[in-house]
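Following: one structure in structure tokens, then a few remarks.
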Amino acid sequence: MSTNTESRPASPFVDPENGAIYASGRKPTDLVRGPDGALRKPVVIWVDGCFDMMHYGHANALRQAKSMGDLLVVGVHSDAEIQHHKGPTVMREEERYQAVAACKWVDVVVPNAPYFTQLDWLDRFHCDFCVHGDDITTLADGTDCYQEVKDANRYRECKRTQGVSTTEMVGRMLLMTKDHHKRRSSVAQSSITHFKSEELEGFSSGPSKSSPPSTVSHFLPTSRRIVQFSEGREPKPGDKVVYVDGDFDLFHVGHIELLRRAKQRGDYVLVGVHEDQTVNAVKGSNFPLMNLHERVLSVLACRYVDEVVIGAPYKVSKEVLEKVYPVDVVIAAKVGPDVDGTDPYALPRQLGILQTVGVHAGAGSDALTTDDIINRIIEQRKQYEDRQARKLAKEKDITDNSNTYKLGDTYAADAAKQQ
């Protein structure tokens, strides 16, 4: 066990011996300080999965798992493993590794993790137990993927986030409907509202009892999940605030690279996420494929983001630049004019604070766009439709025969913390 991290490369870094990505710069062998100030071995959690089209449901599972211990190790399956047991992936394995590494609750990403969770992989990365959602995951032959860790009493469960899955997201693209949009009867029913103080109890405090209370931007709508995802941190005196906006639809590695580069331009990254109706007016069709709430949660889960403006205007306004926090730098992330043909960055350009980061250029994952993802689905439509049908049939079979499947015990997070 070690407490010395000063000689390590800046996070994230890749271990040349095992290919693991140390996203936070922390290792499972690092000692941590307990409530009494004494050094102890960390409680290390293992989570594994496909993490295809990484969404807020994945992020919420990782958040819950991290709350059960001190350090989170995430195993990500290869394209070949997933193809064999489940069907084709939308995102390539390197893209999925990058997406998981960008989640702020993740400390270590382990590529090429086996689809059947094995104890020796947990031991290899000093993990105390494995956490999975309260749904059943099986191999191609119907075997419970977590049977080995369940039998060893090294299995815990977290709540699965209802209403979102990669299967459901692919379905939206195949159906091309707008049913997922949040409908409001008028523009006056904006998402730009105040939190009620009683709903922030337990969430608006700083990272420790001695920290001052955090304030939440008045743009944030009343939502317990959003507060759970939010850092609740304000910029410190002298911090350079960077503002970047967009739709952040189907949050992907292109967005992550944009936000990473934005973070390099300052100390505090404020992200504006546009309303569903605004995005639809500009892009048309059934865009955005993720509704405002879903897109905000995906952005908040990114380790490079400090705060989000929900329902940000398409044009960068004086209110955005001054009312939330004084903005020092604006990143020109969008391409193309507003619906009225005007430049959405006219004001920051006039003020001399507009910068570009040049993300969407080239052919690598960093240049990935939402349109690229949709094109992948369209080009392999038949494969994905077959995958959808198999997935639904398997879920129905499991539901209809639930008494034949051996389920692991569900443990409360506080009990797991005492392990």
Side-chain angles (χ1 to χ4, degrees), residues 53-56 90-91 163-192 219 221 243-259 271-299 308-317 320 330-349 356 359-361 363 366-382 384-385 388:
M53 295 178 67
M54 178 89 172
H55 51 70
Y56 73 93
V90 179
M91 310 304 290
V164 63
S165 68
T166 301
T167 303
E168 195 263 348
M169 288 167 60
V170 171
R172 292 183 193 181
M173 284 179 270
L174 294 175
L175 292 171
M176 296 298 282
T177 69
K178 296 183 184 180
D179 292 342
H180 52 282
H181 289 182
K182 290 183 177 179
R183 292 189 172 90
R184 299 185 182 91
S185 61
S186 70
V187 176
Q189 290 179 280
S190 172
S191 64
I192 302 174
F219 287 93
Y243 179 75
V244 57
D245 65 349
D247 55 54
F248 298 98
D249 199 13
L250 299 179
F251 194 75
H252 52 70
V253 291
H255 296 135
I256 291 166
E257 180 62 12
L258 169 66
L259 296 170
V271 181
V273 182
H274 304 315
E275 291 266 14
D276 297 338
Q277 291 86 346
T278 300
V279 177
N280 188 250
V282 174
K283 299 187 72 173
S285 187
N286 66 328
F287 292 104
L289 289 158
M290 305 292 286
N291 67 44
L292 178 63
H293 187 84
E294 295 168 325
R295 292 181 285 118
V296 165
L297 290 176
S298 294
V299 172
V308 169
V309 176
I310 298 180
Y314 198 79
K315 286 189 181 70
V316 179
S317 64
V320 168
V330 174
I331 302 297
K334 299 191 293 279
V335 292
D338 200 346
V339 288
D340 60 3
T342 58
D343 178 8
Y345 296 111
L347 180 57
R349 195 185 306 278
T356 58
V359 174
H360 297 302
D366 293 351
L368 190 72
T369 67
T370 302
D371 287 344
D372 292 333
I373 297 172
I374 294 169
N375 286 336
R376 290 180 186 180
I377 298 290
I378 293 172
E379 288 169 3
Q380 302 184 66
R381 184 183 184 103
K382 184 64 169 67
Y384 289 120
E385 286 177 336
Q388 303 293 84

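All residue numbers in this chain count up from 1 along the given sequence. A quick note: this is a predicted structure, and the numbers were derived from the prediction, not measured.
The closest donor-acceptor contact from the side chain of His274 to the backbone of Asp247 lies at 3.5 Å or more, if one exists at all. At least one donor-acceptor pair closer than 3.5 Å links the side chain of Asn280 to the backbone N or O of Phe287. Counting only distance, with no hydrogens or angles, the side chain of Glu257 and the backbone of Gly254 share no donor-acceptor pair below 3.5 Å. Put simply, the side chain of Arg376 gets close to the backbone of Val90: a donor and an acceptor are under 3.5 Å apart. Side-chain atoms of Asp338 never come within 3.5 Å of backbone atoms of Pro344 as a donor-acceptor pair (strictly under, hydrogens ignored). A donor-acceptor contact shorter than 3.5 Å links the side chain of Asn291 to the backbone of Glu294. Remark: the backbone N or O of Ala333 is paired with a side-chain donor or acceptor of Tyr345 at under 3.5 angstrom.
Within the 4.5 Å cutoff, no side-chain heavy atoms of Ile331 are placed close to those of Tyr243. Side-chain atoms of Val330 and Arg349, non-hydrogen and from C-beta on, never get closer than 4.5 Å to each other. With a 4.5 Å cut-off on side-chain heavy atoms, Val320 and Pro313 count as touching. Using a 4.5 Å heavy-atom threshold, the side chains of Asp245 and Val273 count as separate. Put simply, the side chain of Val316 does not reach to within 4.5 Å of the side chain of Leu347, judged on heavy atoms.
Across all their heavy atoms, His252 and Leu368 have their closest contact at CE1-O, 3.0 Å.
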Residues Asp276, Leu292; criterion side chain to side chain contact (heavy atoms under 4.5 Å, CB included); working and verdict:
CA-CA 6 Å; Asp276 297 338; Leu292 178 63; 3.6 Å; yes
Which is it for Met53 and Met290 under the side chain to side chain contact (heavy atoms under 4.5 Å, CB included) test, yes or no, and what are the steps along the way?
CA-CA 12 Å; Met53 295 178 67; Met290 305 292 286; over 6 Å; no
Working for side chain to side chain contact (heavy atoms under 4.5 Å, CB included), residues Val282 and Tyr314
CA-CA 9 Å; Val282 174; Tyr314 198 79; 3.7 Å; yes
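One finds the CD1 atom of Ile374 at 7.0 Å from the CG atom of Asn286 (value rounded to the nearest 0.5 Å). With rounding to the nearest 0.5 angstrom, the CG atom of Asp371 is 5.0 Å from the NZ atom of Lys283. With rounding to the nearest 0.5 Å, the separation of CG in Asn375 from OG1 in Thr370 is 11.0 Å.
Ion pairing between Lys315 and Asp340 holds under the 4.0 Å rule for side-chain N and carboxylate O.
For Phe251, the ring pair (Phe, Tyr, Trp, His ring centres under 6.0 Å) criterion is met by His255, not counting sequence neighbours. Scored by the side chain to side chain donor-acceptor pair (under 3.5 Å) test, Ser317 finds no partners at all (sequence neighbours excluded).
Ring orientation note: the planes of His293 and Tyr56 are nearly perpendicular, at an angle over 60° on the 30°/60° scale.
Between Val271 and the choices Leu258, Leu259, Val309, the side-chain contact (heavy atoms from CB on, under 4.5 Å) rule is met once, by Leu259.
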